[in-house]
Structure formats: structure tokens, C-alpha cells
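Every chain is numbered from 1 and lettered A, B, ... according to where its sequence line falls, protein lines coming before strand lines. Just so it is clear, the model here is predicted, and its values are computed rather than measured.
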Amino acid sequence: MAVDTQERPSASASTDAPAQQEGRVQRYRIRTGMFAWMMHRLTGVGLVVYLVIHIWGLTALTDPETFNALIAKYHSPLFKVGEFALLVAVAYHAMNGLRIVLIDFLGWSPKQKKLFWTLGAVTAVIILVGGWPSLYALGEWLFGPGSMPTFFL
Amino acid sequence: MAQTNALNWFLHRITGTFLIFMLITHFWVQHYDHQAASVTHEVVTEKGEMPDYPEEAKAGVRARYGEDAEVTPYQVVMQRLDDPVYAVLWKGFNILFLVVALHHGFYGLNNVMTDYIRDPMGRLIARALSWTLALGLLIIGMYSVITAGW
């Protein structure tokens with residue numbers, strides 16, 4: 001772990017006493033901003049892993065048979081779940097990133113709590129509207145054709 | 001974070017902002033446009049079975065390749081790429097997308113790794129390996145984009 005412990009304090013920050021120390025690992029109080037930052041990291045690393053797989057997979061574009069097989073695989077139930085998870089990660093990372101940019105470039109830090117919840121609502125809408133095709137597909141497969149409302153599809 | 005500088009910090013925010021707009025375009029074309037989307041809202045369970053496409057996609061493929069043309073994912077993509085103007089725009093967009101996404105992703109990954117790897121040698125190795133991977137992906141990605149539809 002990267003957090004500083006009493007056994008090995010960081011060289012530069014020794015004067016800043018940590019908020020709380022219990023045992024070996026420093027415990028942070030997880031507030032809204034901290035949670036947002038942790039999720040940003042997690043989704044970010046996940047998206048890099050996805051990017052590697054995605055670019056690698058698209059080499060299939062050079063051959064029709066391989067490409068058709070790849071896209072057919074993308075339509076399997078497991079990939080549909082993955083597709084939805086991907087959208088959740090992308091939507092969160094993009095909207096939280098937008099929040100960071102607005103705070104850093106436009107000085108919106110006094111409004112950051114409000115910004116967090118507003119963009120949170122936007123994220124929820126993106127996930128629901130954008131993710132509906134995947135949820136629809138999974139529902140149709142699970143409960144039979146015609147069982148899901150089509151809405152805007 | 002000795003290697004990090006203000007320019008990269010700034011670039012990370014610029015590339016991130018660009019990615020939002022590029023992703024919207026990418027998602028629209030690849031997933032929501034009924035004629036163009038190669039991945040549709042359908043679950044296929046049989047191995048080797050092809051997904052069924054909307055009427056718009058079928059009409060587009062048949063208009064370009066003849067009435068009895070097979071509507072496969074590859075053909076759905078190629079109906080767009082066989083239009084030379086569209087192909088140039090698509091290739092330009094995707095090369096830019098590739099460069100921006102790789103820079104943003106791997107710069108971010110390096111920030112994370114620098115936070116958790118404390119040994120300077122380890123950091124150097126992690127940085128070298130990750131950027132080598134990014135370069136490799138840039139090369140194979142460019143190859144896929146440039147040669148698609150040839």
C-alpha cells in the first residue's frame with residue numbers, strides 16, 4: 001500500500017500529522033470528495049485495461065471472418081453485462097473528470113458540493129438512457145421476446 | 001512525481017475534455033445509429049450465430065452490395081468505409097481518438113503507479129513498460145484504422 005505508516009513515514013510530510021492512525025495502515029475519513037477521487041482512480045485503471053483489450057480486439061477489422069466472430073461474441077449475455085458496466089465506468093469517470101476540470105480551470109471550487117450532486121444526476125441519466133439498450137437486450141434474453149418495453153429503441 | 005510537469009497536468013485535462021466529445025460521437029455511431037451500429041441491442045447465445053440488424057442497416061448494406069448481400073457485422077461497418085469521404089473522416093477521427101485516449105489513459109495510469117510504487121527503480125521500470133505498451137497499442141491501432149476497408 002502506498003499510504004504512510006508509523007513505521008515508514010513519508011520523508012516530506014512528517015510535520016503534517018495524519019488525521020487518525022490505527023495500527024499499521026492509516027485510515028482516512030472517507031468524505032464525498034475522497035470517495036469521488038477513489039472511484040475516479042478505480043474506474044480510470046479499469047478503463048485503461050479495457051482500452052488495451054479494445055484496441056487489441058479491433059485488429060480483427062483486417063479480416064471479415066474474425067471481425068464477425070468478435071462482434072458475435074460481443075452479443076453474448078456476459079458481454080452485454082460488461083457493456084453496461086463499461087458505460088457506468090465511462091459515465092462516472094467522464095462526469096467526475098468534467099467536475100475536476102470545472103474546478104481547476106473555472107475556479108468552481110466554492111460550488112463543488114452542488115456540482116458533485118448535479119453531475120451525479122447527469123451521470124445517472126446517462127447510465128439509464130445510454131444503458132437501456134444493454135438492459136433491454138438482457139431482459140429480452142432472460143424473460144423472452146417482447147417482455148421489455150422498447151421506449152426509444 | 002519528479003517527471004510530472006505542469007504541461008502534462010494541463011494536457012491531461014485538455015485530453016479528458018476532448019474525450020468527452022469524442023466518446024459521444026463514438027457511442028452514437030457505434031451503438032445508437034440504426035444504420036451504422038455494428039453492435040446492436042440483441043443478445044446472441046448460439047456460438048457462431050450472427051446478430052440480426054435493424055431495417056436501416058439491412059437497407060444500407062443491400063443498397064451498396066446488392067439485394068442478396070449478407071448483412072454481417074463486417075458488412076455493416078464496410079458500407080460506411082466504402083464511401084471514400086466518410087472513410088477519410090472516420091480514419092482521421094479514429095487516429096486522433098486513439099492518440100488522445102492512449103495519452104490520457106497511460107498518463108493517468110502513470111500517476112496512479114507513481115503513487116503506489118515507492119522504489120525509484122520500480123517506478124522507472126513501470127513507466128518504461130507502460131509507455132512501451134502504449135506505443136505498441138498506438139502502432140497496432142493505427143494499423144487497424146488505416147487498413148480497415150482496404
Side-chain angles (χ1 to χ4, degrees), chain A residues 1-3 8 10 40-41 44-45 47-52 54-77 79-80 83 87 90-91 93-95 97-98 100-101 104-105 130 132-142 148 150 152-153, chain B residues 9-10 12-14 16-17 19-20 23-24 27 31-32 34 37-51 54 72-78 81 94 98 101-102 104-106 108-109 111-112 114-118 130 133-134 136-138 140-141 143-145 147-150:
Chain A
M1 287 296 287
V3 289
R8 207 162 66 145
S10 88
H40 201 75
R41 288 222 137 163
V45 172
L47 290 172
V48 171
V49 172
Y50 171 74
L51 184 67
V52 174
H54 191 41
I55 294 173
W56 182 253
L58 282 182
T59 54
L61 259 176
T62 49
D63 177 60
E65 297 295 311
T66 321
F67 185 75
N68 285 341
L70 178 80
I71 297 296
K73 203 193 271 175
Y74 282 179
H75 285 83
S76 66
F79 272 82
K80 283 284 161 192
E83 192 176 79
L87 180 77
V90 167
H93 197 87
M95 288 303 111
L98 182 63
I100 295 170
V101 169
D104 285 349
F105 285 175
W132 182 248
S134 311
L135 294 179
Y136 172 87
L138 280 168
E140 290 280 289
W141 171 68
L142 277 171
M148 297 291 278
T150 43
F152 49 87
L153 292 175
Chain B
W9 177 91
F10 182 73
H12 201 216
R13 275 142 184 81
I14 297 297
T17 310
L19 278 174
I20 293 180
L23 269 173
I24 292 170
F27 275 125
H31 296 276
Y32 296 104
H34 282 191
S38 64
V39 177
T40 65
H41 52 270
E42 194 189 38
V43 169
V44 170
T45 45
E46 292 294 312
K47 213 173 175 201
E49 190 194 344
M50 286 297 142
T72 66
Y74 187 77
Q75 297 297 65
V76 172
V77 174
M78 287 308 141
L81 290 185
N94 278 292
L98 186 68
L102 281 172
H104 188 87
F106 279 83
L109 183 67
N111 275 350
V112 175
T114 311
D115 280 353
Y116 298 114
I117 302 171
R118 318 205 88 196
S130 62
L133 175 62
L137 289 169
L138 178 69
I140 60 168
Y143 178 81
S144 305
V145 171
T147 59
W150 278 10

Query raised in the report: Between A:F67 and B:Y74, what is the ring plane arrangement, given parallel below 30°, perpendicular above 60°, and tilted in between?
Result: perpendicular
Report task. Would you mind telling me which of B:P73, B:S38, B:P51, B:A134 has the largest number of heavy-atom pairs within less than 4.5 Å of chain A? Result -> B:P73
Query raised in the report: By a 4.5 Å heavy-atom criterion (distance strictly below it), what part of A:A69 contacts chain B: side chain, backbone, both, or neither?
Result: backbone
Query raised in the report: For the candidates B:V145, B:I14, B:L102, B:L138, which exhibits the highest count of non-hydrogen atom pairs separated by less than 4.5 Å from chain A?
Result: B:L102
Query raised in the report: Is it the side chain or the backbone of B:H31 that comes within 4.5 Å of chain A heavy atoms, both, or neither?
Result: side chain
Query raised in the report: Where does B:V77 contact chain A at under 4.5 Å (heavy atoms): side chain, backbone, both or neither?
Result: side chain
Requested in this report: Check the pair B:L137 / A:H54 against side-chain contact (heavy atoms from CB on, under 4.5 Å), numbers first and verdict last.
Outcome: CA-CA 10 Å; B:L137 289 169; A:H54 191 41; over 6 Å; no
Report summary line: Bottom line for A:E83: the part with an atom under 4.5 Å from chain B's heavy atoms is side chain
Query raised in the report: Between A:H75 and B:T40, is there a donor-acceptor pair closer than 3.5 Å when you use the side chain of the first and the backbone of the second?
Result: yes
Requested in this report: Applying side-chain contact (heavy atoms from CB on, under 4.5 Å), run through B:W9 and A:D104 and close with a yes or a no.
Outcome: CA-CA 11 Å; B:W9 177 91; A:D104 285 349; 3.3 Å; yes
**Report entry** Worked verdict on B:V44 versus A:K80 for side-chain contact (heavy atoms from CB on, under 4.5 Å)
**Finding:** CA-CA 10 Å; B:V44 170; A:K80 283 284 161 192; over 6 Å; no
**Report entry** Check: B:Y143 side chain, A:T59 main-chain N or O, donor-acceptor pair, under 3.5 Å
**Finding:** no
Report task. Can you sort out the partners of A:E140 under salt bridge (Lys or Arg N to Asp or Glu O under 4.0 Å), two or more places apart, ordered by chain and number? Result -> none
Report task. Can you measure from CG (A:L61) to CG (B:N94) and round to the nearest 0.5 angstrom? Result -> 9.0 Å
Query raised in the report: Do you know the tightest heavy-atom contact between A:R41 and B:D115?
Result: NH2-OD2, 2.6 Å
Query - Under 4.5 Å from any heavy atom of chain B - which part of A:L51 - result: side chain
**Report entry** side-chain contact (heavy atoms from CB on, under 4.5 Å) between B:T17 and A:F105, worked out
**Finding:** CA-CA 11 Å; B:T17 310; A:F105 285 175; 5.6 Å; no
Query - Options A:I71, A:I55, A:N68, A:V101, ranked by heavy-atom pairs under 4.5 Å with chain B, top entry - result: A:N68
Query raised in the report: What part of B:T72 lies closer than 4.5 angstrom to a heavy atom of chain A: side chain, backbone, both or neither?
Result: both
**Report entry** Listed partners of B:S130 passing side-chain hydrogen bond (donor to acceptor under 3.5 Å, both in side chains), at least two apart
**Finding:** B:N110
Report summary line: Among A:T62, A:I100, A:V52, the residue with the most heavy-atom pairs under 4.5 Å to chain B is A:V52
Query - B:L19 versus chain A, the contacting section by heavy-atom distance below 4.5 Å - result: neither
